[in-house]
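Note that the coordinates shown come from a computational prediction; the quantities given were computed from them, not determined experimentally. Note on naming: letters A, B, ... go to the chains in the order of the sequence lines (proteins, then strands), and numbering restarts at 1 for each one.
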2 protein chains.
Amino acid sequence: MGASKTESFSAEQNEMAILFKALSHPARIAIVDYLLKVDSCICGDIVNELPLAQPTISQHLKELKNANLIKGTIEGTSICYCINPDTVAKIENHFSMIRYKLKNKCC
Amino acid sequence: MGASKTESFSAEQNEMAILFKALSHPARIAIVDYLLKVDSCICGDIVNELPLAQPTISQHLKELKNANLIKGTIEGTSICYCINPDTVAKIENHFSMIRYKLKNKCC
DNA sequence: TTATTTTATCGTAATATTGCAATATAAAAA
DNA sequence: TTTTTATATTGCAATATTACGATAAAATAA
């Protein structure tokens with residue numbers, strides 16, 4: 001064993017888990033933070049911003065892209081990354097739903 | 001290597017990563033869903049609700065507890081679990097901040 | 001007391017993630 | 001063309017996660 005029993009859960013549960021997994025590493029949080037900090041989409045200098053080697057950052061960017069959290073557009077020699085607002089909205093909605101359901105609770 | 005370079009990132013980045021990691025597995029999403037679905041806190045029957053063995057669920061509950069996403073109170077023979085609204089609010093605030101910062105973007 | 005019930009822990013196998021050196025790819029610059 | 005620059009991929013070692021059988025712990029019930 002060892003693998004997640006993905007097939008035992010609903011499509012939405014798996015989808016949300018994939019989104020949260022993409023955000024479950026401090027380097028990927030830092031990448032999102034950086035994309036938010038700068039005024040526009042960022043072409044190239046993510047590698048200089050984080051204390052990780054270039055292949056490692058490339059891998060983290062790939063995971064964020066696979067989860068649809070960021071979009072990358074080729075811009076000459078470099079790639080221009082920015083956050084996908086639709087995916088952010090999807091996670092926000094999930095928590096709005098949680099907050100709504102929590103209203104009727106005791107605890 | 002293989003371990004996360006936790007020390008290279010800010011306390012808040014690590015804290016958020018820990019919260020998202022706790023939610024990065026469909027079984028743990030399903031547990032949260034179930035705690036929200038039922039009207040009150042749940043004593044005992046989580047194991048019957050999910051297609052996983054009891055030790056596995058116990059482990060997932062422990063991770064949700066460690067991340068402060070759920071609270072467990074001993075209630076006779078069983079344990080009464082419910083969601084911690086403070087932690088939910090913390091994640092919500094994180095996304096409110098993201099949405100706010102995204103407003104000034106182009107993309 | 002001895003069951004029974006409920007949850008936790010231990011041990012371990014299978015699998016996944018993390019990080020990076022080395023290398024590859026692709027486009028622009030010289 | 002060759003060189004430079006930016007990003008991606010490969011391969012691998014170190015570590016973490018997932019799942020569960022076996023077992024323990026702790027409280028109630030009989």
Report summary line: note: B/K5, atom NZ; D/dA16, atom C1'; distance rounded to Å ~ 17 Å
Report task. Output the residues of residues 51-58 of chain B in contact with DNA chain D, where contact means a heavy atom of the residue under 4.0 Å from an atom of the strand; sort by number or write none. Result -> B/L52, B/A53, B/P55, B/T56
Query - Interface with DNA chain D, restricted to residues 9-29 of chain A and to heavy atoms under 4.0 Å - result: none
Query raised in the report: Hey, what do you get for OG1 (A/T6) to CD (A/Q13), rounding to the nearest 0.5 Å?
Result: 11.5 Å
Requested in this report: Starting at CE of B/M16, measure out to NZ of B/K21 and round the result to the nearest 0.5 Å.
Outcome: 14.0 Å
Requested in this report: Determine whether A/F9 and B/I29 make a side-chain contact, defined as any pair of heavy atoms from C-beta on separated by less than 4.5 Å.
Outcome: no
**Report entry** Residue-phosphate contact under 4.0 Å: A/H60 side-chain N/O, C/dG19 OP1/OP2
**Finding:** yes
Query raised in the report: Within this structure, what is the CG-to-C1' distance between A/L50 and D/dT7, rounded to whole angstrom?
Result: 15 Å
Query raised in the report: Could you walk me through whether B/L35 and B/I70 pass the side-chain contact (heavy atoms from CB on, under 4.5 Å) check?
Result: CA-CA 9 Å; B/L35 289 177; B/I70 64 173; 3.7 Å; yes
Query raised in the report: Side-chain N or O of A/K62 less than 4.0 angstrom from OP1 or OP2 on D/dT7?
Result: no
Query raised in the report: Rounded to whole angstroms, how far apart are CD on A/E63 and C1' on C/dT18?
Result: 9 Å
Query raised in the report: To the nearest 0.5 Å, how far apart are CG in B/N14 and CD in B/E7?
Result: 9.0 Å
Requested in this report: Starting at atom CD of A/E49, determine the distance to atom P of D/dA6, rounded to an integer number of angstrom.
Outcome: 15 Å
Report task. Mind calculating the distance between CD1 (A/I79) and P (D/dT5) to the nearest angstrom? Result -> 18 Å
Query - Plane angle bin for A/H94 and A/F20 - parallel if under 30°, tilted between 30 and 60°, otherwise perpendicular - result: perpendicular
Query raised in the report: Which listed nucleotide (C/dA8, C/dG19, D/dA8) is nearest to the side chain of A/Q59?
Result: C/dG19
Query raised in the report: Hey, mind stepping through A/I79 and A/L61 against side-chain contact (heavy atoms from CB on, under 4.5 Å) and telling me if it holds?
Result: CA-CA 11 Å; A/I79 292 181; A/L61 286 169; over 6 Å; no
Query raised in the report: What is the distance from atom CD1 of B/I57 to atom CG of B/N48, rounded to the nearest 0.5 Å?
Result: 8.5 Å
Query raised in the report: In whole Å, what is the span from the CG atom of B/N48 to the C1' atom of C/dT5?
Result: 12 Å
Requested in this report: Send over the distance from B/N66 CG to D/dA16 P, rounded to a whole Å.
Outcome: 15 Å
Query raised in the report: Is the closest side-chain heavy-atom distance between B/K90 and B/E15 below 4.5 Å?
Result: yes
Query raised in the report: Would you say A/K65 reaches D/dA8's phosphate, i.e. side-chain N/O to OP1/OP2 under 4.0 Å?
Result: yes
